[in-house]
Every structure is written in structure tokens, then in C-alpha cells.
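Just below is one structure, and these are the notes that go with it.
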Amino acid sequence: FSMSNHLALIFPGQGSQSVGMGKAWVDAFDEARAVFEEADATLGFSLSSLCFEGPNDDLQLTANTQPAILACSVAMYRSLAARTDLEAVAMAGHSLGEYSAHVAAGTLSLADALRLVRRRGELMQEAVPVGVGAMAAIMGLDQGAISLAVDQVAAEGDGVVALANVNSPQQMVIAGHAGAVERAVAASKAAGARIAKMLPVSAPFHSPLMAPARAHLTPHLRETQFDDPRVPVVTNIDAQPAAGGAGAREALERQVDGPVRWVESIRHLIDDLGVGSFLEVGPGKVLTGLGKRIDKGVRWTAAPTPEGLADLTV
């Protein structure tokens with residue numbers, strides 16, 4: 001195992017889940033097994049069997065997906081941390097992944113984070129009736145052009161649509177009322193988008209339509225213990241490190257109905273915090289793929305398999 005200077009850990013969000021995730025880590029490492037045992041006990045149902053065996057339809061439900069990805073990411077992080085000298089200078093997580101980052105940074109306990117993301121998933125699901133909201137991915141247009149298309153549709157006054165995720169310089173996600181999102185997709189295509197397509201999600205995450213979810217999640221966040229992060233955690237909403245435990249909590253409140261400023265977060269890590277290497281800790285390789293589109297001049301590594309741990313270089 002070898003490591004370059006200035007490593008940041010990044011934790012994935014929804015969309016990285018798959019049946020079987022975490023199983024190899026639990027089979028290989030006590031730390032991973034302990035995380036899943038704590039998750040099952042905390043949530044009062046077998047999250048582990050849902051992750052390892054499915055069914056996929058149940059795993060895809062937001063209220064299940066969020067704690068599942070968190071548990072898997074923390075299991076991998078703790079297994080890695082116990083066996084390598086992962087000296088991260090900073091961390092960040094995409095949407096739900098920000099909670100995983102805070103567990104790794106010591107801001108939140110695992111049990112509290114699991115309870116919060118379980119509730120967050122339920123509230124996001126309940127905020128907008130299925131079919132009323134939608135999200136769409138737009139590729140091949142810059143942020144200014146997409147913002148223009150979104151603003152034009154929003155100005156018509158027939159439904160809410162907003163920029164929800166800035167994932168890479170050429171990949172954005174918009175969210176809002178289904179009809180308004182469809183019109184913004186058409187406007188983006190007319191403006192020259194390479195791809196503009198509706199996404200198979202059940203709710204318009206990170207849009208103003210999530211205000212009820214934010215309002216209901218806020219009391220849960222405020223009654224939860226937040227310690228100061230041991231390592232800077234760059235937040236989605238500000239693309240800056242959270243200011244202590246209170247700042248971390250407040251950023252998670254605003255994150256529910258605010259945009260995920262992922263490109264700016266990564267740029268802050270590279271340009272201001274001097275990060276030269278990123279390790280994605282969690283299921284899948286989504287953030288590693290996005291990262292290579294944000295900056296090819298730094299190193300991007302997806303978490304290894306348990307067998308590949310000895311050969312990990314970051």
C-alpha cells in the first residue's frame with residue numbers, strides 16, 4: 001500500500017447501490033461486519049440482508065437506499081482505515097455521501113447517521129407524490145446554458161424547475177415538477193445538449209420541492225449530537241469546509257432542498273486545499289468517473305476490492 005501527498009476521501013450518494021454491495025467486505029473484515037451488525041440493530045430490520053441479497057426493488061426505495069449506501073461506505077472506510085495509513089487532508093460526499101464523510105470525520109456517530117439518513121429518505125419520498133416531481137440529466141451543455149434554459153421555463157410560471165446537481169462541467173441534473181422538467185429538457189435539447197433525458201427516480205431531490213422534507217428533517221438534525229469534524233468536510237451546499245459541528249449540521253439542513261455543487265467542491269479541494277489524489281470510498285465508481293471529467297491532472301482511484309487492498313496506491 002502506498003499513498004501520495006494530499007489525499008481526499010469522497011463518498012458516493014444515491015445511484016451507486018447494487019445488490020451484493022458490502023458482502024465481500026463483511027466476509028473479509030471484522031470492522032465491516034461490526035458496521036452492518038450495528039446498522040441492523042439501530043434500524044430494527046436486516047439492512048445487511050437487503051444489501052447482500054436484495055430484492056433490488058426494495059433496495060432501490062429511497063428510505064432503504066440511503067442507509068444502505070451509508071453502511072456500505074462506512075464499512076469500507078473502517079476496513080481501509082484499520083489496514084492502511086489513510087491520511088486524508090479533507091473529505092466530501094455527494095448528497096447522501098456527505099453523511100458518510102461526517103461519520104468518517106468523527107462529526108456523527110454511525111448510529112445517529114443511520115437514523116438520520118433513514119428519516120431523510122422517508123421524508124424525501126413523502127415530500128412530493130410519485131409522478132408529480134421528476135429529475136433529468138443534461139450532458140454536453142455548460143452550466144450557463146442549462147441555467148438559461150431552466151430560468152426560461154421557470155419564468156413561464158407553470159411549475160418549479162431548478163438546477164439540482166452540478167456533477168461535472170458537462171453533466172448536470174435538473175429537478176422539479178414533471179411538466180416543467182420535461183419542458184426544460186426540450187429547451188436544453190434546442191440549445192444543443194448532447195443528451196437530455198428524464199431519470200428513473202421517484203422524487204425531485206435537491207430542488208425547492210424538497211422544502212417540506214427539509215422542514216421535517218431539521219428537528220431531527222438539531223436534536224442529534226454533531227462534533228467538530230477531525231478532518232475538513234467540504235459541503236455540497238457551500239463548496240467550502242463545514243464550520244465545526246454546528247456548521248456541518250446547518251449545511252445538511254440546507255442541502256435537502258439546495259443544489260449539490262460537486263464541481264465547485266472538487267475544485268475547492270484541489271485549488272484551495274491542495275488535494276492531488278482522490279479515493280472513492282463506497283459502492284460503485286460514479287464519483288471517480290465524474291472526477292476524471294472535472295480534472296485529469298489529479299489522481300482518481302475507486303475503492304479496491306478486499307483482495308486488492310494490499311496493492312492499493314492512491
Side-chain angles (χ1 to χ4, degrees), residues 12-17 60 62 65 92 94-97 124-125 127-214 236-239 254-268 270-271 284-297 300:
Q14 216 158 319
S16 293
Q17 68 274 12
Q60 300 295 348
T62 297
T65 310
H94 191 283
S95 186
L96 148 79
M124 287 174 129
Q125 200 73 68
V128 182
V130 173
V132 172
M135 300 183 83
I138 300 176
M139 298 178 207
L141 271 191
D142 64 32
Q143 191 172 339
I146 294 173
S147 294
L148 199 62
V150 164
D151 291 348
Q152 281 170 347
V153 171
E156 293 162 11
D158 188 16
V160 167
V161 60
L163 196 55
N165 303 68
V166 182
N167 288 330
S168 80
Q170 294 287 306
Q171 191 208 322
M172 322 268 161
V173 177
I174 59 173
H177 287 115
V181 172
E182 282 165 359
R183 288 195 296 282
V185 162
S188 299
K189 282 179 179 162
R194 191 163 48 80
I195 297 170
K197 62 175 184 185
M198 305 297 280
L199 291 173
V201 295
S202 51
F205 304 130
H206 300 292
S207 81
L209 297 186
M210 284 288 125
R214 173 178 169 173
N236 290 179
I237 192 75
D238 294 322
R254 289 185 292 131
Q255 187 220 57
V256 177
D257 60 351
V260 175
R261 296 164 61 186
W262 192 246
V263 172
E264 289 170 87
S265 297
I266 296 296
R267 288 259 53 102
H268 180 77
I270 296 169
D271 300 338
K285 300 177 180 175
V286 170
L287 299 181
T288 301
L290 292 176
K292 288 172 180 172
R293 295 192 195 104
I294 296 171
D295 195 319
K296 289 191 172 69
W300 298 94

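Computation of the quantities below employed the complete heavy-atom set of this structure, encompassing side-chain atoms and omitting hydrogens, waters and symmetry-equivalent molecules. Nothing fancy with the numbering, it's 1 onward along the sequence. These numbers were taken from a predicted model, which means no experiment stands behind them.
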**Study point:** Passing option when His177 is tested against Val153, Val161, Val128, Val132 for side-chain contact (heavy atoms from CB on, under 4.5 Å)
**Key:** Val132

Review point. Within the side chain of His94, is there an N or O that forms a donor-acceptor pair under 3.5 Å with the backbone of Trp262?
Key: no

Check your understanding: Is any side-chain heavy atom of His206 closer than 4.5 Å to a side-chain heavy atom of Val256?
Key -> no

**Study point:** Spatial distance of atom OG (Ser188) from atom CD1 (Ile138) [nearest 0.5 Å]
**Key:** 3.0 Å

Check your understanding: Are the side chain of Arg183 and the backbone N or O of Asp158 linked by a donor-acceptor pair below 3.5 Å?
Key -> yes

Practice item. Please tell me if the side chains of Arg261 and Asn236 come closer than 4.5 Å, counting only heavy atoms from C-beta onward. Key: no

Check your understanding: Is any side-chain heavy atom of Trp300 closer than 4.5 Å to a side-chain heavy atom of Thr288?
Key -> yes

Practice item. Kindly say whether Pro12 contributes a backbone atom to a donor-acceptor pair with the side chain of Ser16 at under 3.5 angstrom? Key: no

Check your understanding: So, do Gln60 and Gln17 sit near enough that their side-chain heavy atoms are less than 4.5 Å apart?
Key -> yes

Check your understanding: Out of curiosity, Leu290 CG to Asp295 CG, how far, rounded to the nearest 0.5 Å?
Key -> 13.5 Å

Point to revise | Pairwise side-chain contact, Met139 with Gln170, heavy-atom cut-off 4.5 Å (strictly under) | key: no

Practice item. State, with a plain yes or no, whether a side-chain heavy atom of Thr62 is found less than 4.5 Å away from one of Phe205. Key: yes

Check your understanding: So do the side chains of Asn165 and Pro259 get within less than 4.5 Å of each other, counting heavy atoms only?
Key -> no

Study note, to complete from the structure: On a heavy-atom basis, the closest approach of Val150 and Leu163 is CG1-N, 4.4 Å

Check your understanding: Does any non-hydrogen side-chain atom of Arg214 lie less than 4.5 Å from one of Arg254?
Key -> yes

Review point. Does any N or O in the side chain of Gln152 come within less than 3.5 Å of the main-chain N or O of Ala187, such that one atom is a donor and the other an acceptor?
Key: no

